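This one's a predicted model, so the numbers in the text were calculated from it and none came from an experiment.
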Protein chains: 2
Amino acid sequence: MNDTQAPTLLDVARAAGVSRATVDRVINGRPNVKAKTLQRVREAMERLSYRPDPLAAGLARRARYRFCFLLPAGTNAFMDEVAAQVAGSAAWLAGTRASIERRFVDVFDPFALAGAIDAVDRGFDGAAIVALDEPHVRAAVDRLVADGVPVVTLISDAPASRRLGFVGVDNAAAGRTAAALLGRFSGGRGGSVGVLVGSLSLRDHVDRLFGFRQLVERDYRHLSLLPVIETRDEDGEAEAAVARLAAADAGLVAIYNAGAGNRGVGRALGRLGADRRPVFVGHELTSASAGPLREGLFDALIAQNAGHEVRSAARLLIAQASGAPIIPEQERIRIDVFIRENMPD
Amino acid sequence: MNDTQAPTLLDVARAAGVSRATVDRVINGRPNVKAKTLQRVREAMERLSYRPDPLAAGLARRARYRFCFLLPAGTNAFMDEVAAQVAGSAAWLAGTRASIERRFVDVFDPFALAGAIDAVDRGFDGAAIVALDEPHVRAAVDRLVADGVPVVTLISDAPASRRLGFVGVDNAAAGRTAAALLGRFSGGRGGSVGVLVGSLSLRDHVDRLFGFRQLVERDYRHLSLLPVIETRDEDGEAEAAVARLAAADAGLVAIYNAGAGNRGVGRALGRLGADRRPVFVGHELTSASAGPLREGLFDALIAQNAGHEVRSAARLLIAQASGAPIIPEQERIRIDVFIRENMPD
DNA sequence: AAAATTTTGAGGCACGCACTTCAAAATTCT
DNA sequence: AGAATTTTGAAGTGCGTGCCTCAAAATTTT
């Protein structure tokens, strides 16, 4: 602990030859300040490099923020992780006088999601939504924003909506990364590549697919992409799809799963002999995918960090609600590449 | 903004039928509280789920923290980035009432580093040091800690010292990751692999080398490692080393640089024909390495995020100084894998 | 029972700022 | 010039806690 005192509002007042009240008027943009006085006060603040104490300001403002997070119901391992991170962030949020309430909704159904958004209490100070890029959902988001509740989209975006921002990765880049790893890991062998997604109306899956296709067609012409299979992010469907691919196609060199359902993929791949096993690249490091990666059934996972995303969403909402600054670099969610050798723990 | 009031210390006092002073004694572990009273107060706190307001507590404690960061002098691109991040964290730190002073020292000289550590003002509330795993340095760290200044090591550790903790990546894992990528990217071709480090007395370089060796010898027996070359992290030496490797060895399939000097490596590789160019894996995404990666001269970079590391070090020191809690998951520095397709920007 | 000790209460000051009120001073308008 | 209006100062309260003092009450020891 140290006592090098930072300048206070009173110091600024004295330096500018005015009263506390006037400095307060300047700082908080209140009216009735002569241009000349305003100038003098600003100069004094500059000279002393005065920064209002956020602790004291927060205390005096007695602001408390309540946010609503709308998350997908279901058994997707990654989304479970997101929900857990939201729950686990309570302690961290307490330090910022904020709190989060969770709502679960079927995110595959646009009408249910739009309804849930409409049902969000307008008393909240902000909302984070795992969105669907769909007209009804966009409209519901816009209504919520119009009612004064700032919205950030989380993980899956609704770009045309009036949301404050999107917290998530660049999914096209994630898809390109998947393609580059898959292409290089398959070592120049020509053949076909199976492609799975959860749904073609999920923006993040579509973006990944776009980036994946783009790079394969440019750099790995000896690989031919098989028709996309939709799995609804369900383990069973993913498992069946992989099994079918392996059985039907002798020239199968690799599989890319842009969606969830990796537990099923792992099961299907585990039943194949090591020699017949295709290269596999998927997304998200979860309880469903960590095992297969460690055992060598999966070759690489392109991941995003749920904890970072949840905290980033909260920080954006807090910043919006309180007018506080943000560190853009800290809010950019990066793409993590995991192979067996750099898995955590 | 919302006004659902959280319970205050006064609420707890009333609920427990005692005075503010007594609740204060309980909360802050002051003496002279009867066991029974202590019990009653604890129950009341539990029942109201009372949490001391961190803003008010911070204000009342009027704690200000000054930390000293000891960074390597020189022209290493990554360390420049670290220094820039320290400088740039001022705004963020203001919100936590902390400040950082930077000192630059020749980190390759144990005596200079130890002397700089001894010269750290004991009035600091903590220090972060890019360490050297060397007896004099360890002893100097221990002296500083003994004098009441908590120390965290940053990026390069001194494991046997009494430092509070290490902020940096698992470098052995980073080395294994480099090996796995290098092995898979070279596509099964046999041949020799050139290996560069900055110095064999830098703990982080040695750890990377260890992990790299380990995995190559286990999984990529068709690759033979050439003798390690020390470059002192200098571009010129690295450039010359790469040029020599390429000229001397027709069977060279890959190069691994566990240290810095990537600007030089990029220059040397740029002069080689695309067909004669070895696979290259290095560390850190900086101004020196981003260009070659984008142009395809480099194949992969294993990186750590300087900004995260600086903030994590600061958080650890603040937590230590103030007794605040930390989120371990948030403080674990992860290994980033960059290939051309997932470069930021 | 008296003396010594421990426990508790009451109250207050401080932290730095937000926000208010009211009167005095300065400026602008008629 | 006087009246109307705008700008400024002085002073206060409150935010929730830390930390301090002093006296009163309760408990333990002699």
Rounding to a whole Å, what distance do you find between [X]:[atom1] and [N]:[atom2]?
X: L38(B); N: dT6(C); atom1: CG; atom2: P; result: 17 Å
X: Q39(B); N: dT7(C); atom1: CD; atom2: C1'; result: 17 Å
X: R61(B); N: dG16(D); atom1: CZ; atom2: P; result: 17 Å
X: L59(B); N: dG16(C); atom1: CG; atom2: P; result: 7 Å
X: R14(B); N: dG16(D); atom1: CZ; atom2: C1'; result: 13 Å
X: L55(A); N: dG18(D); atom1: CG; atom2: P; result: 13 Å
X: D24(B); N: dA10(C); atom1: CG; atom2: P; result: 15 Å
X: L10(A); N: dA14(C); atom1: CG; atom2: P; result: 13 Å

To the side chain of [X], which of [options] is closest?
X: I27(A); options: dA18(C), dG16(D), dT8(D); answer: dA18(C)
X: Y50(A); options: dC17(C), dG18(D), dC15(C); answer: dC17(C)
X: V33(A); options: dG16(C), dT8(D), dT7(C); answer: dT8(D)
X: N32(B); options: dC19(D), dC19(C), dT6(C); answer: dT6(C)

Point to revise | R51(B), CZ atom: more than 12 neighbouring heavy atoms under 6.0 Å | key: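 No, CZ of R51(B) has 12 or fewer neighbouring heavy atoms, counting only those of other groups under 6.0 Å.
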Check your understanding: Should we say atom CZ of R332(A) is surrounded by more than 12 heavy atoms from elsewhere, each under 6.0 Å from it?
Key -> yes
Can you check whether [Y]'s main-chain N or O pairs, donor with acceptor, with [X]'s side chain at less than 3.5 Å?
X: N28(A); Y: R25(A); result: no
X: D125(B); Y: R66(B); result: yes
X: S156(B); Y: V130(B); result: no
X: D121(B); Y: F124(B); result: no

Practice item. Give D53(B) one of three labels, base, sugar-phosphate or nothing, depending on what nucleic acid heavy atoms sit under 4.0 Å from its own. Key: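 Answer is sugar-phosphate: D53(B) comes under 4.0 Å of backbone atoms only.
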Practice item. Tell me whether the OP1 or OP2 atom of dA18(C) has a side-chain N or O from N28(A) closer than 4.0 Å. Key: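 N28(A) to dA18(C) OP1/OP2: side-chain N or O found under 4.0 Å.
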Exercise for review: Could you tell me whether the phosphate oxygens of dG9(D), OP1 or OP2, come under 4.0 Å of any side-chain nitrogen or oxygen in T22(A)?
Suggested key: yes
Exercise for review: Spell out protein contact along nucleotides 21-30 of chain D as letters: B when the base is contacted, S when just the sugar-phosphate is, - when no protein heavy atom is under 4.0 Å; keep the 5' to 3' order.
Suggested key: ------S---
Exercise for review: For E81(A), enumerate each residue passing the side-chain hydrogen bond (donor to acceptor under 3.5 Å, both in side chains) test, keeping only those at least two apart in sequence or located in another chain.
Suggested key: Q85(A)
Check your understanding: If you pin A57(B) and K36(A) to their nearest nucleotides in DNA chain D, which one's is more 5'?
Key ->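 The residue mapped nearer the 5' terminus is K36(A).
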Review point. Got a donor-acceptor pair under 3.5 Å from the side chain of R20(A) to the base of dG16(C)?
Key: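 Checked by distance alone, the answer is no.
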Per-pair distances, 0.1 Å, donor-acceptor, side chain in residues 137-144 of chain B, under 3.5 Å, sequence neighbours excluded:
| residue | atom | partner | partner atom | Å |
| --- | --- | --- | --- | --- |
| R138(B) | NH1 | D133(B) | OD1 | 3.0 |
| D142(B) | OD1 | R162(B) | N | 2.7 |
| R143(B) | NE | D118(B) | OD1 | 3.0 |
| R143(B) | NH2 | D118(B) | OD1 | 3.3 |
| R143(B) | NH2 | D118(B) | OD2 | 2.9 |

**Study point:** Given DNA chain C, 5'-ward residue of the pair S19(B) and A60(B), judged by closest heavy atom
**Key:** S19(B)
